[in-house]
There are 2 protein chains.
Amino acid sequence: MVNAGVMSGSGNLMDFLDEPFPDVGTYEDFHTIDWLREKSRDTDRHRKITSKSKESIWEFIKSLLDAWSGWVVMLLIGLLAGTLAGVIDLAVDWMTDLKEGVCLSAFWYSHEQCCWTSNETTFEDRDKCPLWQKWSELLVNQSEGASAYILNYLMYILWALLFAFLAVSLVRVFAPYACGSGIPEIKTILSGFIIRGYLGKWTLLIKTVTLVLVVSSGLSLGKEGPLVHVACCCGNFFSSLFSKYSKNEGKRREVLSAAAAAGVSVAFGAPIGGVLFSLEEVSYYFPLKTLWRSFFAALVAAFTLRSINPFGNSRLVLFYVEYHTPWYMAELFPFILLGVFGGLWGTLFIRCNIAWCRRRKTTRLGKYPVLEVIVVTAITAIIAYPNPYTRQSTSELISELFNDCGALESSQLCDYINDPNMTRPVDDIPDRPAGVGVYTAMWQLALALIFKIVVTIFTFGMKIPSGLFIPSMAVGAIAGRMVGIGVEQLAYHHHDWIIFRNWCRPGADCVTPGLYAMVGAAACLGGVTRMTVSLVVIMFELTGGLEYIVPLMAAAVTSKWVADAFGKEGIYEAHIHLNGYPFLDVKDEFTHRTLATDVMRPRRGEPPLSVLTQDSMTVEDVETLIKETDYNGFPVVVSRDSERLIGFAQRRELILAIKNARQRQEGIVSNSIMYFTEEPPELPANSPHPLKLRRILNLSPFTVTDHTPMETVVDIFRKLGLRQCLVTRSGRLLGIITKKDVLRHMAQMANQDPESIMFN
Amino acid sequence: MVNAGVMSGSGNLMDFLDEPFPDVGTYEDFHTIDWLREKSRDTDRHRKITSKSKESIWEFIKSLLDAWSGWVVMLLIGLLAGTLAGVIDLAVDWMTDLKEGVCLSAFWYSHEQCCWTSNETTFEDRDKCPLWQKWSELLVNQSEGASAYILNYLMYILWALLFAFLAVSLVRVFAPYACGSGIPEIKTILSGFIIRGYLGKWTLLIKTVTLVLVVSSGLSLGKEGPLVHVACCCGNFFSSLFSKYSKNEGKRREVLSAAAAAGVSVAFGAPIGGVLFSLEEVSYYFPLKTLWRSFFAALVAAFTLRSINPFGNSRLVLFYVEYHTPWYMAELFPFILLGVFGGLWGTLFIRCNIAWCRRRKTTRLGKYPVLEVIVVTAITAIIAYPNPYTRQSTSELISELFNDCGALESSQLCDYINDPNMTRPVDDIPDRPAGVGVYTAMWQLALALIFKIVVTIFTFGMKIPSGLFIPSMAVGAIAGRMVGIGVEQLAYHHHDWIIFRNWCRPGADCVTPGLYAMVGAAACLGGVTRMTVSLVVIMFELTGGLEYIVPLMAAAVTSKWVADAFGKEGIYEAHIHLNGYPFLDVKDEFTHRTLATDVMRPRRGEPPLSVLTQDSMTVEDVETLIKETDYNGFPVVVSRDSERLIGFAQRRELILAIKNARQRQEGIVSNSIMYFTEEPPELPANSPHPLKLRRILNLSPFTVTDHTPMETVVDIFRKLGLRQCLVTRSGRLLGIITKKDVLRHMAQMANQDPESIMFN
């Protein structure tokens, strides 16, 4: 911020300072960005464009394009994210069915598509469509019997192993960052951390392909979390096309926030829920301007997906449900019980999963990721096939569990004993006694529940793309449906009990087991992720009515409270900690009574702070200092005696400036004096040429006094997104606090191992 | 933050410093709060409770109660806001009908309730229900004819005048703060400003009562904005019951944020929209924790309102609509046109209304508020009565305009010429040629449109409660419905035109005029308030389907862009500016290139900054300084020569401390030296007793360097909610920047009169 008129000296020097040397203003990998600096760079850029736009029509058009580029990027992200989601859905559909059999008319048709073209289109005949052949029919021309069953079983396992092996190999060879759900890393990146390549084009491609493979392989994982990662990769790709975003890490993160919203929007078909998810869960620095754009991106993505129409039903949402009966106050009790279950499941899952992942990181286990995936896939496939509820894809399972039993429903879950004398409209079927099918379904569901709980713990965290929204929801939906059927039968057989008497007379349709499944799913998802508003809104968008928002909210609140009682961290925060990302959570409250002076470096007994003086150090001194330390930057003081702070110089820029000066400026030698003052003094004729570096000096470093409570310091770091902050007392520089110091201190205060939190 | 162990001296002094003197930590009226300080006070309080809770079970229960008090407050706010909204709805319903006639069976029944009890309950017979008597029937026993008409007309005007007169008198006498919509003031209060009594119990009571009166009087205003104010008054009332909120201005504002969400939630029956409105429009400092609580409060309020069921239809939303046909791409063109209309209306309204309000403030007009209200009411009533669309209440009008014409609709707007040969299901009526009724309705609507536009400009800002959501929506709905009918008839008569050919064959139901009304309403509301996401979400909650979100969004975006092209300020910001509230908008971007040094006081040529020294000023010196200046506080420096900053002392606390010390401490005289150091030096025996003031010294004042870009300073003020910030260079104190300096500078940069922005 130096007045350009003040600058004088050789023309050579002027040139050098006016043209930015390469890589200025960029960051190194695994470093933290400085939000304030990014913001002020963007304002500078904006100012330049505005003043230029008055010069010519061309510049004016360019400035308009620049102003619109934000919307264009959002449009493109929405279109690409929606398209990719549609393609993934279609491919998963086909490949999941491929494990079962193949379509004779065209092998790229899924079971459903295959039978569309056939004549028998009613639902009952779905399994009898002649064009679709199970592997046993195709290979040995048998559709029934033990040998056919075993053949189909084997083909199922073989395909699953093939898909999983392909997926894990692709990830290992081409894009190691494509594994996991990606949400912990995206949270970290959005908080201002640089992980190069995490959102790159390769990651996008490989993650999309492998996501299809792993979901089709039947592993207990979902595509929803990874879709957020995919959408963020799209966001990163498109923002690299516009200099406004590609050259500014802060602005780029605005785009990524919106892309995350678009990702959730296509994952669930819930645009408003997506925006709130982005706001509540992943975004860090969320200017209100972005809210509107996120909403736009989320909507475009949702409608793109709908126009691709992968489910063939013109529905926007993943699990469309429609219930016909209201809920009753007395039902709040089982709903809250489901909330408790969700909270307990969340705690259990997070603890076990983190323990397992830690073991994977620290023992020999982590050295065989391919083998691990193969083994888990084999076990999953072997156990899953015999049980119809685990054999089908998890989203189909959830969908079936959510659905109310209509008159036409052929599912085993709807095998109630009908009263033959009653003819009622389709929608309004009274509670009936359960038939054999329901009882069979109950124990199958119980087995499926145990299986899902165990296998998900081992699946999440393997070196393949894996989300846990769907497995969590499945666990909750199974538990919920079972509770729902239980309450329904209780109410049917004991309708004279005092709690049922008022609302559940015989012949009334009073209990909807599907609603219980939905409430259970919300509770379990809430327990694992600790989402609140966005969770309820996503669920609200699925049902499309405010009617069921109270049960959902009761379960979500209970589940969060129960889970929080055992540990505040959600699964994403736990994984952030496990991986040691420098993430300063906005939601954590820092309530300890420490002061800046307790946290700053140097501590008592440590060597003094490495500083630069404004006019007495030579180039060589500085080079030695840079070589001997690995700090990101150095405070510049008036002199070592007075220690009065005048600014802060970044290490990276110092190195670049010295290198440039040595190459391009004459007379710069090792004992040239470096000046950070506005004007170097007149030097004797024989002294070496001075090196003026005021341009790279940040004249407005952030300072706090040593008495500032750490609470305030943490607040400042969060809200302003600082990298470091200098500590002074009565104007004298005492020390420095970096973001990592803050994180280390917070870990210490929480009785955690402070060394575990560093990026490794 | 001084270590208590360091404190020594006479026991008297210790007592004085340990027990906080009264009023410490409170603010004066029309002052700005310091968010950082409030936050750290709350953390202290929390720490104290946590450490106490381990002492005994009683303390533990108290700490649990404290932790739960946030939820309790939300519950209470939801219940009260919902109840008040229900009561207001019922009362408005009755009093609006009272202008027309009276119920013979019970005078407190509205027209609808009166006829429920009667036998004729079908819709067609509504006007023929014998228990309901128009004034002409009751007074002169005539229901038809010119004299009956004139009598009814007169009674209508008389009641309107009575209601308006009562309202304005009540406001003037009991609660002047009850006037207006309240949203500009609430925005200012939430940004950290103190306006005592604005959210008081009197305001709550009077605003509720007068709101009923003015809405019933038929003035062109709505109850939605004032309901937000009412809900915030509830929030303020309940937060005063819990010391956690009553003693902390920062925490109290968290509650108010949530209350605003509850207000919008009951105003429109849109809880999610309410939360987003609070987030987008009114909240300033919105911690994510509050998001969840706001949602809870909004839901409780919505369900309380629904269980009161003022509309008798079990609907949560204000205007429930259900459309049966999708929209077509070609319709986007009229939708965008409506957006342009909305933007133009917004600009026109804001400009004219602000000009008129400025005239009211500056000329003699403002001295006769009662007369003004009477005159406007009289004019409104006289013009409104003859036109059926202005005679009915504005929300009924909007409701009628939004509705699709079903088969049973008896409205004049649905007077289409039916094809007698066609029998079709109720839902799916094809486009038909317009009948006489529709043409009559068209010109009546045109007149109503002009009338509403003009009268709303003069109504909003009078000294009565007045919201403009409903009038704005009415303007848009009228325009939209007219455009819709136009397009419908065009499509019917010219279905062979190329633009209609693809989707509008004869006999198809292709254009829904009600949807146009809804889009128009969204566009006009958006033009006036510049809401974006929350507007679309509120409208989405009214229709309950994502189907129509694209038209709404297209109109809202267009309207915002058009309106923004003429001026960035929405109506609330414009009124904030007009009233000169110190509101630092989070959405304004500050992009000028000024530095802190350009803004700080003292400027060049001004007398030096008034500072205190740490150990050389006497009590008398300080008292003189306090008397001669009106600053809120003084920086404390080491000495006048070195000017090195050690802290900041609040004026209020200085005054209180000196007053207390003079009363309670022995030996404090005018020439006692005031010490801000940790330990006063040993003094000669005969020197007066020193006054130790380190306890009131803020040892962590916020500082920036003089080279800090103002952009960063503005950001810091916004995000950290500072009152003032000290400016230093190399550790020397140079000046001070207060929030008002920032606002003044921003006004200057925007070429506004900087003096106009101060609170007056």
Side-chain angles (χ1 to χ4, degrees), chain A residues 1 36 39-40 43 46-47 50 271-272 275 279-280 288-289 291-292 295-296 299 302-303 316 532-533 536-537 540-541 544-546 549-550 553 557 586-587 589 591 593 595-596 638 644-647 699-705 707-709 711-712 715-716 719-720 728-733, chain B residues 1 36 39-40 43 46-47 50 271-272 275 279-280 288-289 291-292 295-296 299 302-303 316 532-533 536-537 540-541 544-546 549-550 553 557 586-587 589 591 593 595-596 638 644-647 699-705 707-709 711-712 715-716 719-720 728-733:
Chain A
M1 273 305 148
L36 274 182
K39 196 168 176 200
S40 98
T43 318
H46 187 74
R47 240 179 336 235
T50 317
I272 301 174
V275 174
L279 175 68
E280 196 188 355
L288 278 173
K289 214 171 68 185
L291 193 65
W292 192 211
F295 192 48
F296 178 69
L299 265 182
F303 277 90
L316 200 54
T532 54
V533 183
V536 175
V537 172
F540 157 71
E541 286 187 77
L546 283 173
I549 217 164
V550 170
M553 215 170 147
V557 168
V586 216
K587 277 176 244 164
E589 299 229 6
T591 53
R593 222 179 164 136
L595 299 180
V638 173
R644 298 205 315 195
L645 180 73
I646 65 159
L699 287 165
S700 52
F702 224 85
T703 58
V704 293
T705 66
H707 273 90
T708 311
E711 194 198 335
T712 309
D715 220 37
I716 294 172
K719 293 216 175 111
L720 302 178
T728 61
R729 179 199 283 160
S730 341
R732 274 182 53 223
L733 178 68
Chain B
M1 277 304 149
L36 274 184
K39 196 169 175 200
S40 96
T43 317
H46 187 73
R47 238 179 337 234
T50 316
I272 301 174
V275 173
L279 175 68
E280 196 188 359
L288 278 174
K289 215 171 68 184
L291 193 65
W292 192 211
F295 192 48
F296 178 70
L299 265 182
F303 278 89
L316 199 56
T532 55
V533 183
V536 174
V537 173
F540 157 70
E541 287 188 77
L546 283 173
I549 217 165
V550 170
M553 212 169 150
V557 168
V586 215
K587 277 175 245 165
E589 299 230 5
T591 53
R593 223 179 163 136
L595 299 181
V638 173
R644 297 206 313 197
L645 180 72
I646 64 158
L699 287 166
S700 52
F702 225 84
T703 58
V704 295
T705 66
H707 272 92
T708 311
E711 193 198 337
T712 307
D715 220 35
I716 294 172
K719 294 218 175 110
L720 302 179
T728 60
R729 179 198 284 160
S730 345
R732 275 182 52 223
L733 178 68

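These values consider heavy atoms only, across backbone and side chains, with no hydrogens, waters or symmetry-generated copies. Below, read A as the first sequence line, B as the second, and so on, with proteins coming before strands; counting in each chain starts at 1. All values reported here derive from a predicted model rather than from experimental measurement.
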Among [options], which has the most heavy-atom pairs under 4.5 Å with chain A?
options	answer
B:T50, B:D715, B:T728, B:L36	B:D715
B:V533, B:V537, B:V638, B:T705	B:V533
B:T712, B:L733, B:L720, B:V704	B:L720

| note | Distance col, row B:I716:CD1 vs A:K719:NZ, nearest 0.5 angstrom, shows 12.5 Å
| request: Using non-hydrogen atoms and a 4.5 Å limit, figure out which bit of B:V536 sits close to chain A: side chain, backbone, both or neither. | output: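 For B:V536, the side chain is the part near chain A, not the backbone.
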| Among the listed options A:E280, A:K39, A:R732, the residue most often paired with chain B at heavy-atom distances under 4.5 Å |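 The residue among A:E280, A:K39, A:R732 with the greatest pair count is A:K39.
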| request: Below 4.5 Å from any heavy atom of chain B, which atoms of A:F296 appear? Answer side chain, backbone, both or neither. | output: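 Contact with chain B involves both backbone and side-chain atoms of A:F296.
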| Which atom pair, heavy atoms only, marks the closest approach of B:P271 to B:A302? | CG-CB, 4.2 Å
| Do B:M553 and B:F540 come within less than 4.5 Å of each other through their side chains, counting heavy atoms only? |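 SC-SC contact between B:M553 and B:F540 ruled out.
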| field | Donor-acceptor under 3.5 Å (B:T708 side chain, A:S700 main chain) | value | no
| Partners meeting salt bridge (Lys or Arg N to Asp or Glu O under 4.0 Å) with B:R644 (sequence neighbours left out) |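 Checked B:R644 against salt bridge (Lys or Arg N to Asp or Glu O under 4.0 Å); zero matches.
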